[in-house]
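Working notes for the structure below.
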Amino acid sequence: MSSIKIECVLPENCRCGESPVWEEASDSLLFVDIPAKKLCRWDSLTKQVQRVTMDAPVSSVALRQSGGYVATIGTKFCALNWEEQSAVVLATVDNDKKNNRFNDGKVDPAGRYFAGTMAEETAPAVLERHQGSLYSLFPDHHVKKYFDQVDISNGLDWSLDHKIFYYIDSLSYSVDAFDYDLQTGQISNRRSVYKLEKEEQIPDGMCIDAEGKLWVACYNGGRVIRLDPVTGKRLQTVKLPVDKTTSCCFGGKNYSEMYVTCARDGMDPEGLLRQPEAGGIFKITGLGVKGIAPYSYAG
């Protein structure tokens with residue numbers, strides 16, 4: 001095994017950093033800070049960060065085939081013009097639930113933007129339950145709703161053959177799988193492929209590697225875990241120097257580095273003294289496995 005190295009490459013102090021996405025064209029990492037309503041882009045070559053502040057919580061960001069980005073802002077799917085720092089609303093969901101917002105989102109291999117909602121938290125992971133739903137924004141900008149009764153819609157990704165959709169509703173403490181029809185975007189046959197153990201805490205963001213294994217960031221667990229979704233076994237645990245790990249993605253040269261976001265909201269002053277890098281962006285090297293490039297929204 002190569003030796004694993006973990007470093008905080010950006011001491012960003014995110015209140016709740018989320019949705020890391022690698023942009024190969026610019027050697028940059030995109031990510032959001034949800035309660036700070038910020039979209040950020042960190043250039044891995046110059047180490048500079050650009051930030052854009054929106055008018056509502058920004059919960060996920062993704063690449064767009066036609067250029068620029070898409071993001072979930074409040075309860076809206078938006079197209080983002082980075083240069084003008086402006087957003088155009090493509091669709092709105094959950095109109096009947098004024099207390100809701102989007103949470104995690106990701107683009108599928110056919111260019112649809114999947115994202116789910118949740119009730120706004122009163123404290124980290126404390127919220128009115130069963131208020132969220134899972135949606136996708138198709139390239140023609142129509143929205144499909146898959147199911148409701150979600151607590152905290154979170155990590156999502158697709159198997160390498162595109163036949164399985166993986167999904168996390170955090171308070172179920174489970175990583176779930178659905179059969180996936182790439183042509184239609186239909187999902188069916190929900191089942192659990194991994195139940196988190198007590199010390200792993202709350203499953204949050206997730207990504208897949210080039211071997212088809214899942215990596216899940218464990219909120220309050222201070223770790224990312226590698227799972228085999230076929231056998232349901234945990235293969236590896238990588239502990240970080242911060243507790244509130246929120247999401248992960250692969251990036252860098254040949255997608256051989258892992259980037260991990262985390263949060264500092266909900267930590268007391270003593271906790272912040274113990275974990276001064278809370279809210280930073282971490283890079284993990286030496287995992288001995290690569291990721292795959294993110295998909296881009298086709299609309």
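Please read these numbers as outputs of a predicted model, since none were measured by experiment.
- Side chains of Lys244 and Asn220 form a contact here, defined as non-hydrogen atoms less than 4.5 Å apart.
- Distance alone, capped at 3.5 Å, is enough to place a donor-acceptor pair between the Lys47 side chain and the Ser44 backbone.
- Side-chain atoms of Asp33 come within 3.5 Å of backbone atoms of Cys16 as a donor-acceptor pair (strictly under, hydrogens ignored).
- With contacts defined as side-chain heavy-atom distances shorter than 4.5 Å, the pair Gln50/Val52 does not qualify.
- Glu12 and Lys38 are not joined by a salt bridge, as no carboxylate oxygen comes within less than 4.0 angstrom of a charged side-chain nitrogen.
- Ion pair Lys97/Glu120 not flagged as a salt bridge, since none of the NZ, NE, NH1 or NH2 atoms sits closer than 4.0 Å to an Asp/Glu carboxylate oxygen.
- For the pair Ser159 (side chain) and Ile164 (backbone), a donor-acceptor distance under 3.5 Å is present.
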Derivation and outcome, ring-ring contact (aromatic ring centres under 6.0 Å, His included), residues Trp22 and Tyr259
CA-CA 9 Å; Trp22 186 257; Tyr259 288 90; 5.4 Å; yes
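- Under the 4.0 Å criterion applied to side-chain N and carboxylate O atoms, Asp151 and Arg129 are assigned as salt-bridge partners.
- Judged by distance alone, the side chain of Thr245 and the main-chain N or O of Arg223 form a donor-acceptor pair under 3.5 Å.
- Annotation: side chain of Asn13 is in contact with side chain of Arg264 (closest heavy-atom distance under 4.5 Å).
- Annotation: Lys195, atom NZ; neighbour count of heavy atoms from other residues, nucleotides and ligands within 6.0 Å is above 12.
- Considering only heavy atoms from C-beta on, Lys213 stays 4.5 Å or farther from Gln236 through its side chain.
- At a threshold of 4.0 Å, the pair Glu270-Arg274 counts as salt-bridged, since one of the basic side-chain nitrogens sits closer than that to a carboxylate oxygen.
- For an aromatic pair to be called close, the ring centres must be under 6.0 Å apart, and Phe147 with Tyr167 satisfies this.
- Side-chain contact between Phe31 and Ser19 is absent, with no heavy-atom pair separated by less than 4.5 Å.
- The shortest side-chain heavy-atom distance between Val216 and Met206 falls under the 4.5 Å cut-off.
- Side chain of Ser153 to main chain of Asn103: no donor-acceptor pair is present (N/O by atom type, distance under 3.5 Å, no hydrogens or angles).
- Under the 3.5 Å distance criterion, the side-chain polar atoms of Thr246 are matched with a main-chain donor or acceptor of Thr261.
- In terms of the salt bridge (Lys or Arg N to Asp or Glu O under 4.0 Å) criterion, Arg64 has no residue partners (sequence neighbours excluded).
- Partners of Ser172 according to the side-chain contact (heavy atoms from CB on, under 4.5 Å) rule, which considers only residues two or more places apart in sequence or in another chain, are Asp169, Ser174.
- A salt bridge links Asp265 with Arg15; the closest basic N to acidic carboxylate O contact falls under 4.0 Å.
- Counting heavy-atom neighbours within 6.0 Å of Lys283 NZ, excluding the residue itself, gives a total above 12.
- Following chains of ILVMFWY side-chain contacts shorter than 4.5 Å, one cannot reach Tyr295 starting from Leu156, and the two form parts of different hydrophobic clusters.
- Side chain of Asp228 to backbone of Leu235: no donor-acceptor contact under 3.5 angstrom is found.
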Which is it for Phe250 and Cys207 under the side chain to side chain contact (heavy atoms under 4.5 Å, CB included) test, yes or no, and what are the steps along the way?
CA-CA 8 Å; Phe250 284 92; Cys207 68; 3.8 Å; yes
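- The environment of Asp140 atom CG is dense: over 12 non-hydrogen atoms of other residues, nucleotides or ligands sit within 6.0 angstrom.
- When hydrophobic clusters are built by joining Ile, Leu, Val, Met, Phe, Trp and Tyr residues whose side-chain heavy atoms come closer than 4.5 Å, directly or via intermediates, Phe178 is grouped together with Trp158.
- Between Pro229 and Tyr166 there is a side-chain heavy-atom pair separated by less than 4.5 Å.
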Checking Tyr173 against Glu200 for the side chain to side chain donor-acceptor pair (under 3.5 Å) test, could you report, in this order, the C-alpha distance in whole Å, the side-chain angles of both residues, the deciding distance, and whether it holds?
CA-CA 9 Å; Tyr173 296 91; Glu200 290 168 347; over 6 Å; no
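- Side-chain atoms of Thr53 do not come within 3.5 Å of backbone N or O of Lys37 as any donor-acceptor pair.
- At a threshold of 4.5 Å between non-hydrogen side-chain atoms, the residues Val21 and Cys249 do not count as touching.
- In this pair, Phe114 and Phe165 present their aromatic rings tilted. The plane angle is within the 30 to 60° band.
- The backbone N or O of Ala110 sits nowhere less than 3.5 Å from a side-chain atom of Arg112 that would complete a donor-acceptor pair.
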Carefully, step by step, assess Gln275 and Asp243 under the rule side chain to side chain donor-acceptor pair (under 3.5 Å).
CA-CA 8 Å; Gln275 299 181 9; Asp243 285 339; 2.9 Å; yes
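- In this structure, Tyr297 is not a member of the same hydrophobic cluster as Phe138, with clusters built from ILVMFWY side-chain heavy atoms closer than 4.5 Å.
- Looking at Glu18, its side chain never comes within 3.5 Å of a backbone N or O of Ser59 through a donor-acceptor pair.
- A salt bridge links Asp209 with Arg226: the closest approach of a Lys/Arg side-chain nitrogen to an acidic carboxylate oxygen falls below 4.0 angstrom.
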